[in-house]
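Take a look at the structure below.
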Amino acid sequence: MTVELDKKYHPESVEERWTQFWTENRFYHADETRAGETFSIVIPPPNITGSLHIGHAFNNTLQDILTRWKRMLGFNTLWQPGTDHAGIATQNVVERQLHAEGTNRDTLGREAFVQRVWKWRDESGGTINTQLRKLGCSLDWERDRFTMDEGLSKAVREVFVSLYEEGLIYKGDYLINWCPRCHTALSDLEVEYQETQGHLYHIKYLFKDEDRSLTIATTRPETLLGDTAVAVNPEDERYRGLKGTLLILPALGREIPIIEDGYVDVSFGSGALKVTPAHDPNDFEIGRRHNLPLINVMNIDGTMNENAGPYQGLDRMECRKKLVEELKSNDLLVNIENLNHSVGHCYRCRTVIEPYVSKQWFVKTKPLAEPAVEAVRNGTTRIVPKFWENTYFEWMENIRDWCISRQIWWGHQIPAWHCGKCGTMTVARETPKSCPDCGSEELEQESDVLDTWFSSALWPFSTLGWPEKTKTLEKYYPTSVLCTGFDILFFWVARMMMMGLKFMGEVPFRHVYIHALIRDAEGQKMSKTKGNVIDPLDMMKTCGTDALRFTLAAFAAQGRDIKLAEDRIEGYRNFCNKIWNASRFVLMNLEDYRGTCKLDQSADRSPADRWILSRLNNACREVHKGLEAYNFNEAAMAAYKFVWNEFCDWYIELSKSSLFQSGSQKQVTQNVLVHVLEASLRLLHPFMPFITEEIWQKLPKEGSSIMMAPFPIYEEAKEDPKTEKDLALVMDIITSVRNIRGEMNLNPGLALNLLIKLEDPETGPMITKNIKYIMELARVREFDIGLSIEKPKVAASSVLNGIDIIVPLEGIMNFREEKNRIEKELKKIEKDIIVLSKKLSNQNFIEKAPPEVIEKDTQRQQALCQKQTKLKAHLKTIEQAIR
RNA sequence: GGGCGGGUAGCUCAGUUGGGAGAGCACCGGCCUUACAAGCCGGGGGUCACAGGUUCGAUCCCUGUUCCGCCUACCA
């Protein structure tokens with residue numbers, strides 16, 4: 001066979017072709033009717049607003065590596081794709097579009113607006129899937145799902161109604177986080193706190209019946225308009241007996257009482273706390289304890305409402321300014337302090353959130369969290385790396401009720417209906433025709449939609465068909481592993497655990513692999529505003545998808561931030577090229593080859609052949625071990641080192657002598673070459689699907705695609721430690737001669753003579769048998785080997801274990817350089833000898849260390865001393881020659 | 001306030017039953033050797049943050065200090 005390859009690998013010309021080939025042949029498709037052990041993953045559904053960023057690329061590359069690996073191992077493998085409707089994010093995108101068109105959602109009306117979002121989704125929501133295809137992700141696209149699909153919406157309703165019926169979902173007036181720009185409630189997790197430079201205002205509240213005042217401190221003076229009490233600590237001597245005394249609220253003149261509550265910190269400020277139950281979470285709690293009235297002073301857009309008296313209509317920040325001025329002019333402002341404190345912002349639009357009282361829906365999380373904690377504690381679900389378990393427990397054990405209603409239009413509308421006649425609320429799976437109480441048909445559905453994460457929490461079973469009892473669900477649930485970043489451990493992983501256990505009665509996944517987050521070379525979070533993003537699509541274009549994927553895998557060490565720099569990707573682009581050229585070499589030398597990639601069992605193989613086969617076997621073990629433990633970097637590095645440093649650097653070079661002759665050995669070498677190359681490609685395939693398929697298709701292989709070929713497996717019987725040891729010595733000899741050549745600046749083209757002096761006659765035959773390797777790779781013209789080799793006066797020399805390497809250099813010897821070289825070597829040895837002799841002369845060490853350690857060190861010391869003696873003698877002759 | 005992770009070569013990072021410190025990039029010297037200059041051969045470079053402790057022996061285990069990063073929390 002003859003195959004011509006270009007000198008360089010051109011990824012752009014091959015990648016699309018194989019994506020198409022794999023899709024057309026349905027290799028990505030999982031067949032739930034097929035027998036066999038299953039392996040399943042659900043993708044963390046990307047937002048439909050999203051475009052592939054480096055985090056997606058990383059997350060999905062790891063999942064694809066696992067998926068392709070397991071598929072090649074013969075598992076019935078499903079990687080479930082899908083996208084998330086991303087309520088607030090998507091609504092914001094479409095609202096921005098409307099704004100640019102000079103209109104808004106209120107003008108459009110709810111129905112038209114939602115239609116508009118669907119239209120946007122149909123046109124633009126598929127971008128990320130196209131990009132995932134380009135990345136080579138072997139997702140079963142035939143099963144693509146969307147959180148607002150009919151089936152998934154049905155699952156959402158089923159879960160909502162069940163939880164409601166069980167009393168685990170409730171509705172009520174509570175203080176929630178309110179975004180005045182998005183006009184919606186947010187869950188605690190959706191608020192991001194930032195240290196902000198603010199002020200602490202000290203304000204005088206006058207007593208009603210006495211001529212004295214009490215000073216309180218606040219960072220948000222405008223909220224005082226909603227104050228309904230001032231609280232002091234019951235233990236506080238300064239305020240003893242003041243309970244029930246009335247104060248005059250500044251600005252409004254309302255009367256409010258002094259109350260006592262243990263929450264108040266005596267040491268903070270004056271020890272008196274203004275209580276605004278409608279606008280502060282702690283005050284809300286205090287208010288409930290003391291039955292204080294709630295006075296809401298704001299509108300949903302953050303402006304002041306009718307309860308703010310003269311400040312009605314002002315924005316909250318405007319109001320603050322005005323109010324402070326008025327306090328100042330009335331001599332009620334004591335002073336203003338600078339204060340750094342953290343302020344909550346909306347995670348979608350960065351607006352400062354307001355604690356706000358309103359009617360919202362909540363999930364009672366405690367009863368759901370308990371089994372979810374237990375499942376991780378008893379190992380039913382294992383979190384990798386383990387230290388994340390602590391974080392998970394910590395949060396789950398202090399979990400608070402989950403606010404699930406959002407005042408937006410894009411999402412799953414809450415399945416509750418209000419009767420216009422009698423006011424009864426009906427929560428139901430199917431849209432009711434009439435009020436079950438009074439029979440009126442005047443029903444209006446709750447306008448709120450559910451938090452996007454509510455539907456995401458059902459993802460592992462809703463995508464597989466639940467609430468129907470499908471074959472798919474039965475086959476692939478629980479899933480094998482969930483692969484995600486730690487940033488959504490609470491948002492998503494914890495909630496899937498709770499919902500999975502509640503509705504499936506079983507954990508949603510056996511393993512949770514939590515990977516690091518990708519940052520830029522300085523460790524900064526990548527963001528468009530900072531301009532430090534590495535665009536994976538650019539990288540795929542310039543370096544190839546395989547190079548990008550391999551880089552990401554090589555970086556995937558557990559539990560740390562990943563600082564990604566572009567030049568790293570270039571290194572792995574070079575690796576692709578190396579694979580390409582090694583394949584080119586193999587293919588160029590298969591012209592007269594008539595075999596396949598299968599190893600010819602009857603062949604009489606050379607030491608080099610046996611060596612590479614043993615090393616291949618070792619590489620299989622290392623790659624498998626790495627993947628098994630989610631140590632992607634170790635797996636990738638094991639494959640990398642094998643292919644580059646062993647197969648290319650040594651075996652290909654060693655194979656040349658037999659390959660370039662036309663003896664009987666040639667066919668054997670060809671067989672080993674093509675076998676090892678083919679196995680290496682299979683080993684690399686999960687990491688680098690494109691280049692491996694491209695080359696594999698040109699080999700005399702069996703099967704239609706490398707992605708359906710078996711993954712190479714380690715077998716103990718294939719180990720050949722004797723050959724490995726022999727070849728290690730041969731390679732040491734070659735390296736020594738090369739070192740002499742390099743250090744003494746000898747022309748690499750110059751053929752040398754070599755004398756090998758042995759201490760032990762047993763090694764002689766082995767070296768003689770392998771001498772052609774030494775002659776080829778070290779460029780040796782003539783050699784002599786034996787126990788009684790006479791060293792010429794003019795020669796360079798090296799000492800290995802039990803072997804002296806002597807290179808006669810009559811006429812071309814540079815004595816000074818040889819002297820430097822030997823002195824350098826001696827220095828190193830001496831250092832080691834000192835350390836070792838100290839250790840070995842330590843009585844405690846001799847008495848207490850295990851015998852095998854002592855034995856090893858003793859031998860090492862002897863060998864080093866011997867080497868030292870020989871090198872010293874050699875140095876002496878060199879020095880004499882110089883004189 | 002609580003918790004977690006980290007500090008190893010110039011840079012980015014690996015390194016578990018505690019026993020001779022590694023890789024890639026960068027650097028220096030030499031090579032277009034018929035697979036590959038995106039390559040080949042050779043080389044230099046580290047008190048493993050600091051201080052104690054356990055141990056015959058610590059990059060690794062324990063304690064403390066310090067610096068960096070992240071998560072979490074109701075100090076107005």
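The phosphate of A37(B) has OP1 or OP2 within less than 4.0 Å of a side-chain N or O from K7(A). Checking the phosphate oxygens (OP1, OP2) of G39(B), no side-chain nitrogen or oxygen of N581(A) falls inside 4.0 Å. Look at W395(A) and you won't find any side-chain N or O under 4.0 angstrom from OP1 or OP2 of C4(B). OP1 or OP2 of C74(B) has at least one side-chain nitrogen or oxygen of R400(A) nearer than 4.0 Å. Of the side-chain N and O atoms in K656(A), one or more sit less than 4.0 angstrom from OP1 or OP2 of A35(B). Residue K824(A) places no side-chain N or O under 4.0 Å from the OP1 or OP2 atom of G45(B).
Under the 3.5 Å distance criterion, with hydrogens and angles disregarded, no donor-acceptor pair is assigned to the side chains of N233(A) and D265(A). Looking at K274(A) and T223(A), their side chains do bring a donor and an acceptor atom within 3.5 Å of each other. Side-chain N/O atoms of R741(A) and N747(A) include no donor and acceptor closer than 3.5 Å. N177(A) and E190(A) form no side-chain donor-acceptor contact under 3.5 Å, judged by distance and modelled atom types alone. A side-chain donor-acceptor contact under 3.5 Å links H10(A) and D6(A).
Here R568(A) pairs with nothing under the salt bridge (charged side-chain N to carboxylate O under 4.0 Å, His left out) rule; sequence neighbours left out. With sequence neighbours left out, the ring-ring contact (aromatic ring centres under 6.0 Å, His included) criterion links Y205(A) to no other residue.
At the heavy-atom level, N589(A) lies nowhere under 4.0 Å from the strands shown. Using a 4.0 Å heavy-atom criterion, one finds that T735(A) contacts the sugar-phosphate atoms exclusively. Nucleic acid contact class of K274(A) (heavy atoms, under 4.0 Å, all strands): none. At a threshold of 4.0 angstrom between heavy atoms, the contacts of C648(A) include nucleobase atoms, whether or not backbone atoms are also involved. Among the atoms of the strands shown, base atoms are found under 4.0 Å from some heavy atom of I652(A). Residue Y572(A) is out of contact with every strand shown, counting any heavy-atom pair closer than 4.0 Å.
Across the protein-nucleic acid pair, K386(A) atom NZ and C4(B) atom C1' stand 15 Å apart, rounded to whole Å. In this structure, Y9(A) places its OH atom 18 Å from P of A38(B), rounding to the nearest Å. A straight line from CH2 of W388(A) to P of G5(B) spans 9 Å, rounded to a whole angstrom. Spacing between atom CG of N747(A) and atom P of C31(B) amounts to 7 Å, rounded to whole angstrom units. The CG atom of D6(A) sits 14 Å away from the P atom of A38(B) (whole-angstrom rounding). Whole-Å rounding puts the F575(A) CZ to A38(B) P distance at 18 Å. Counting to the nearest Å, the P atom of U16(B) and the NZ atom of K625(A) are 11 Å from each other. In this structure, CD of E192(A) is placed 14 Å from C1' of U72(B), rounded to the nearest angstrom.
If you check residues 841-850 of chain A against RNA chain B, the residues with a heavy atom closer than 4.0 Å are N842(A), N844(A), F845(A), K848(A), A849(A), P850(A), listed by number.
Screening W644(A), F575(A), F632(A) against F550(A) for a ring-ring contact (aromatic ring centres under 6.0 Å, His included) leaves a single residue, F575(A).
One C1' atom belongs to C48(B), the other to C60(B), and the distance between them is 10 Å to the nearest Å. Taking atom P on both G7(B) and C62(B), the two are 14 Å apart, rounded to the nearest angstrom. G42(B) and U47(B) have their C1' atoms separated by 29 Å, given to the nearest Å. A distance of about 11 Å separates the P atoms of C50(B) and U59(B), rounded to the whole Å. Using C1' as the reference atom, G2(B) and A73(B) are 7 Å apart when rounded to the nearest Å. Rounded to a whole angstrom, the distance from the P atom of A37(B) to that of A51(B) is 50 Å. When the C1' atom is compared between G20(B) and A38(B), the two are found 35 Å apart, to the nearest whole Å. Taking atom P in both C13(B) and G3(B), one finds a spacing of 27 Å when rounded to whole Å.
Counting only Watson-Crick and G-U wobble pairs whose two key distances fall under 3.5 Å, RNA chain B forms stems of three or more stacked pairs at B:1-7 with B:66-72, B:10-13 with B:22-25, B:27-31 with B:39-43, B:49-53 with B:61-65.
Between F387(A) and Y392(A), the ring center distance fails the sub-6.0 Å criterion. Checked against the 6.0 Å centroid threshold, Y572(A) and Y640(A) count as a close aromatic pair.
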Protein N or O to nucleotides 27-29 of chain B N or O, pairs below 3.5 Å:
| unit_1 | atom_1 | unit_2 | atom_2 | d |
| --- | --- | --- | --- | --- |
| G29(B) | O2' | N745(A) | OD1 | 3.4 |

Nucleotide N/O of nucleotides 20-23 of chain B paired with protein N/O under 3.5 Å:
| unit_1 | atom_1 | unit_2 | atom_2 | d |
| --- | --- | --- | --- | --- |
| G20(B) | O2' | R860(A) | NH2 | 3.3 |
| G20(B) | N2 | R860(A) | NE | 2.2 |
| G20(B) | N3 | R860(A) | NE | 2.6 |
| G20(B) | N3 | R860(A) | NH1 | 3.4 |
| G20(B) | N3 | R860(A) | NH2 | 3.4 |

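Note: Y513(A) and Y630(A) have parallel aromatic rings, judged against thresholds of 30 and 60 degrees for the angle between ring planes.
Using a cut-off of 4.0 Å between Lys/Arg side-chain N and Asp/Glu carboxylate O, K625(A) and E628(A) are scored as not salt-bridged.
The side chain of K828(A) lies closest to G44(B), out of G44(B), A38(B), G5(B).
Taking CD1 from I691(A) and CG from N577(A), the interatomic distance works out to 7.5 Å, rounded to the nearest 0.5 Å.
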